[in-house]
There are 2 protein chains.
Amino acid sequence: MSLRHAVLGLLANRPASGYDLMRAFDSSLANVWPATQSQVYGELGKLATAGLVEVSTEGARGRKEYVITEEGRHELHRWLTETEPERKMRSDAMLRVFFLNSLTRLEAVAYLESEAHHAAGRHAAMREVEARVDWDEGPLSVNGRIALEYGLRLTAMQEEWARWAAEQYAKQRPE
Amino acid sequence: MSLRHAVLGLLANRPASGYDLMRAFDSSLANVWPATQSQVYGELGKLATAGLVEVSTEGARGRKEYVITEEGRHELHRWLTETEPERKMRSDAMLRVFFLNSLTRLEAVAYLESEAHHAAGRHAAMREVEARVDWDEGPLSVNGRIALEYGLRLTAMQEEWARWAAEQYAKQRPE
DNA sequence: GCCTGACATTCCAGTATTGACATGTCAAGG
DNA sequence: CCTTGACATGTCAATACTGGAATGTCAGGC
């Protein structure tokens, strides 16, 4: 149930509306825990019912600002310290690698090169973010910086791997 | 709909029963596309209805062996060459990094070191697999070898990153 | 002959996720 | 005044995924 804790974690930093949270899910959290509007608003409702968050202000345009409760903070802490992260991951891109033998050598190499290219693109985009953001402000950006570094290392690794794999594939399976 | 294509991809290599497929999902595909029994048997039914696979033999103990049809092979090829892999990923472990500022420095460092340790463990497990498997047999293992290399590079990167992050965290946020 | 473990499938209830639709408010610029 | 775009929430049906229970078969060892 990570969505629940993602919302809780965001609200632990500052009070926010569902709309505010959506901006976080569409930017910083987009590569880590994607979520849709329906999920976020739904989860806020459940969280409120459970007493982990509360509506603090009802503003213009029906805006409801939520704050985390003591109980919510406690649950966030419990999650972070007493539960293990789920390490199983799904990767569509890697799944395809298993079935590359259903393609011709040329097609397979094209796939791997395309992956290399996409990884390079994502790497460049993260470099942009790195340059744009002021990393000295706020305690949030310490974590953000560390998470970004992960992204940089991941995409660099992916590009290298894909180039290596394309080479291997071309070598080991002459048509 | 990657599960569908995972099943299709496995059946493209050789005919198999739901039980056989489950062994693949529990071993080689476990780190790439986890699936439960209910999902696999369910998908086989849907795939058969759609005409992408067929029951070839009904054996002992109610065993049904499925084979991929021409149409199935075509769909697999279409998926591999004409659709882009979904690159959005969820990572519980990385989500937690965003909220590390809700913990004390010590707790945060402990989390990151635990991640380093787990990554190291998974890396070692993959090294074991690498040593155990005969990489010269079959065309499947070319892909398997390439996917394993990804896992090795990923876990190595994760361990290094987590050690680096633990250090950064300890440095940048003195209690 | 009996037990155990691997083989094998089916069904189900509950939860999570997706993607789209519906509805409305407010501020700013032309 | 009117339009546009950002703000803001809510609901729905469909699909995907989880975890467990129920059921039964067959081979091999004792």
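The shown structure was predicted, so the numbers you read here are calculated from the model rather than taken from an experiment. Below, chains carry the letters A, B, ... as their sequence lines are ordered, and counting in each starts from 1.
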Residue that, paired with Ile68(A), satisfies side chain to side chain contact (heavy atoms under 4.5 Å, CB included) out of Glu75(A), His74(A), Arg73(A)
Arg73(A)
Going by modelled atom types, is there a donor-acceptor pair between the base of dG19(C) and the side chain of Ser38(A) at under 3.5 Å?
yes
May I ask you to verify if any side-chain N or O of Arg63(A) is less than 4.0 angstrom from the OP1 or OP2 atom of dA8(D)?
yes
Closest contact, heavy atoms only, Gln39(B) versus Pro34(B)
OE1-O, 4.5 Å
So if I take every side-chain heavy atom of Gln39(B) and compare against dT18(C), dA21(D), dT18(D), which nucleotide ends up nearest?
dT18(D)
Of dA8(C), dG10(D), dT10(C), the nucleotide closest to the side chain of Gln37(B) is dT10(C)
For the pair made of CG in Leu3(B) and C1' in dA16(D), what is the distance, rounded to whole Å?
9 Å
Rounded to the nearest Å, what distance is computed from the OH atom of residue Tyr19(A) to the P atom of nucleotide dG5(D)?
13 Å
N or O in side chain of Lys46(A) less than 4.0 angstrom from dT15(C) OP1/OP2:
no
Does Arg90(B) or Arg23(B) map to a spot on DNA chain C nearer the 5' end, using the closest nucleotide for each?
Arg23(B)
Considering only heavy atoms from C-beta outward, does the side chain of Glu149(A) approach that of Trp164(B) to under 4.5 Å?
yes
Roughly how many Å is it from CZ in Arg61(A) to C1' in dG5(D), rounded to a whole number?
11 Å
Write down the distance between CG (Asp92(B)) and P (dT18(D)), rounded to a whole number of angstrom.
13 Å
Thr36(B) near the nucleic acid: base, sugar-phosphate alone, or nothing, with a heavy-atom cut-off under 4.0 Å?
base
Electrostatic pair Arg63(B)-Glu65(B), nearest N-O below 4.0 angstrom
yes
Write down the distance between NZ (Lys88(A)) and P (dT18(D)), rounded to a whole number of angstrom.
6 Å
Nearest whole angstrom, please: distance from the P of dT15(C) to the CZ of Arg4(A).
11 Å
Is Tyr41(A) close enough to dG10(D) that one of its side-chain N or O atoms is under 4.0 Å from OP1 or OP2 there?
no
Are Asn143(A) and Phe99(B) side-chain neighbours, meaning at least one heavy-atom pair lies under 4.5 Å?
no
Without decimals, in angstroms, what is the distance between Leu21(A) CG and dT9(D) C1'?
13 Å
Whole Å only: how far is the CE atom of Met22(B) from the P atom of dA8(C)?
14 Å
